[in-house]
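Shown next, in structure tokens, is the structure this report addresses.
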Amino acid sequence: MTADRASPHLELDLAAVRHAYRTMRTALPGVELCYAVKANPHPDVLALLVAEGASFDLASVGELDLCLLAGARPAGLSWGNPVKKVTDVRAARAAGVTRFTTDSPADVDLLAREVPGATVGVRLAAGDDGSATPFAGKFGATEDEAVALLERARAAGLDAAGIGFHVGSQQREPSAWTRAIDASARVAARLGDHAPRELNLGGGFPTTHAGGLTPDVDACAAAIRDALARHAGRWRPRPYAEPGRALVADAGVLRAEVVLVAQRAGRRWVYLDVGRYQGLAETEGEMIVYRLRTPGRGGETGPVVLAGPTCDGDDVLYRDADVRLPLDLGPGDVVEFLGAGAYTSSYASVGFNGLPPLPTHVRHDPIATHATIETPEEGGIDHHTSQH
Ligand SMILES: Cc1ncc(COP(=O)(O)O)c(C=O)c1O
């Protein structure tokens, strides 16, 4: 079915995206879902989510254009990047976007100047412990700063409507949402009659990768529902969320090919035709360790260093992670990365080292997602079972 497709490529199962979206809708009733376009901006994904009634979280004019082309309503677009150029804000305004996230005085002033009356939400610096890819201080205001920013926004004529956070992507601790909702409620309490009426629960909902227990959407949703219920007597905001990874990761299989196997200093190096610059950016620091599968090669496995094809020394996917591949693997054999629908094609750099960016082939039949290679895991939990 895919032998005629050039390697490497990403296969994306649209039905799995639909399933993930509907699963999250069910888990978080009453929560508006704004798909974080950066996770996978493929036009078919956006069109599907428009048809499902999703809203969208944007970070750039490019993402804005993609959403509009896919038929998204401007009222369902939310500009979630707190770092904006004046040209971004003008383009957003021209397109009819009215909801923006902010976290600094200069950005509040920019919005007040360029989009008077816009709806703004302040992003808190939520703790991102438990996240595989934390923001590590890049975004977010303290509680004191958030109170001041919302007051500043209101004084400047903006609709200071929201408070929110992002608990870090691939967040494996549901309690991260609990703590962030509690912090948001403290900010709301301090604002009295001007308490924000919207709560942005951000993204961060995890998917299953190798190496450890991953809570499912229901576990995160339960923590969110409990925290909201605890505060409901004093504060009952309209919640929305910005899931990216959880809606598309399990829908994608990245299919690559072995280029070379070599022994170096006592270790077996497997070089693939895909690496850090064709979409596997999240292997940096070995943050995300994908589940792997080698169709047609099911024999005894042994440890490998897994590397990309370019001449860059950093283009090594896994040196420390305990990655094992069949001993009889050789050039031309296929290696599949499971759970690769998020943050792969969108990260693929254009043409680094003369290698083309990662193409996507949308499928209309399901892709099996079970792994055939044992990856040692904490707690002995079996993550090799099918996701959908
Ligand atoms: C503002 C914002 N919202 C949502 C997301 C999506 O996060 P995730 O893919 O972890 O759900 C991101 C990811 O970086 C983000 O920056």
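Only heavy atoms go into these numbers, but all of them, side chains included; no hydrogens, no water, no symmetry mates. Order of appearance sets the numbers: ligands from 1, and atoms from 1 within every ligand.
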Tell me which protein heavy atom sits closest to [atom], plus the residue, atom name and distance to 0.1 Å.
atom                    : answer
atom 10 (O) of ligand 1 : Ser169 OG, 2.4 Å
atom 9 (O) of ligand 1  : Tyr343 OH, 2.5 Å
atom 3 (N) of ligand 1  : Glu242 OE1, 2.6 Å
atom 15 (C) of ligand 1 : Lys38 NZ, 3.2 Å
atom 5 (C) of ligand 1  : His166 NE2, 3.3 Å

Exercise. Less than 4.0 Å between a side-chain N and a carboxylate O, is that true for Arg197 and Asp159?
Worked result: yes
Problem set entry | salt_bridge(Arg99, Glu198) N-O dist < 4.0 Å | yes
For this session: Mind listing the closest non-hydrogen atom pair of Glu143 and Arg186 along with its distance?
Result: OE2-NH2, 2.8 Å
Seminar exercise, completed: For residues 224-236, the salt bridge (charged side-chain N to carboxylate O under 4.0 Å, His left out) pairs (sequence neighbours left out) are Asp182-Arg230
If the contact criterion is a heavy-atom separation under 4.0 Å, does [X] count as touching ligand 1?
X      : answer
Ala246 : no
Phe135 : yes
Gly202 : no

Exercise. Taking the inter-plane angle between the rings of His209 and Tyr290 on a 0 to 90° scale, is it parallel (under 30°), tilted (30 to 60°) or perpendicular (over 60°)?
Worked result: perpendicular
Exercise. Any side-chain donor paired with an acceptor under 3.5 Å for Thr283 and Arg276?
Worked result: yes
Problem set entry | Region of Gln171 engaging ligand 1 - heavy atom pairs below 4.0 Å | neither
Exercise. Quick check, are the ring centers of His166 and Phe139 under 6.0 angstrom apart?
Worked result: no
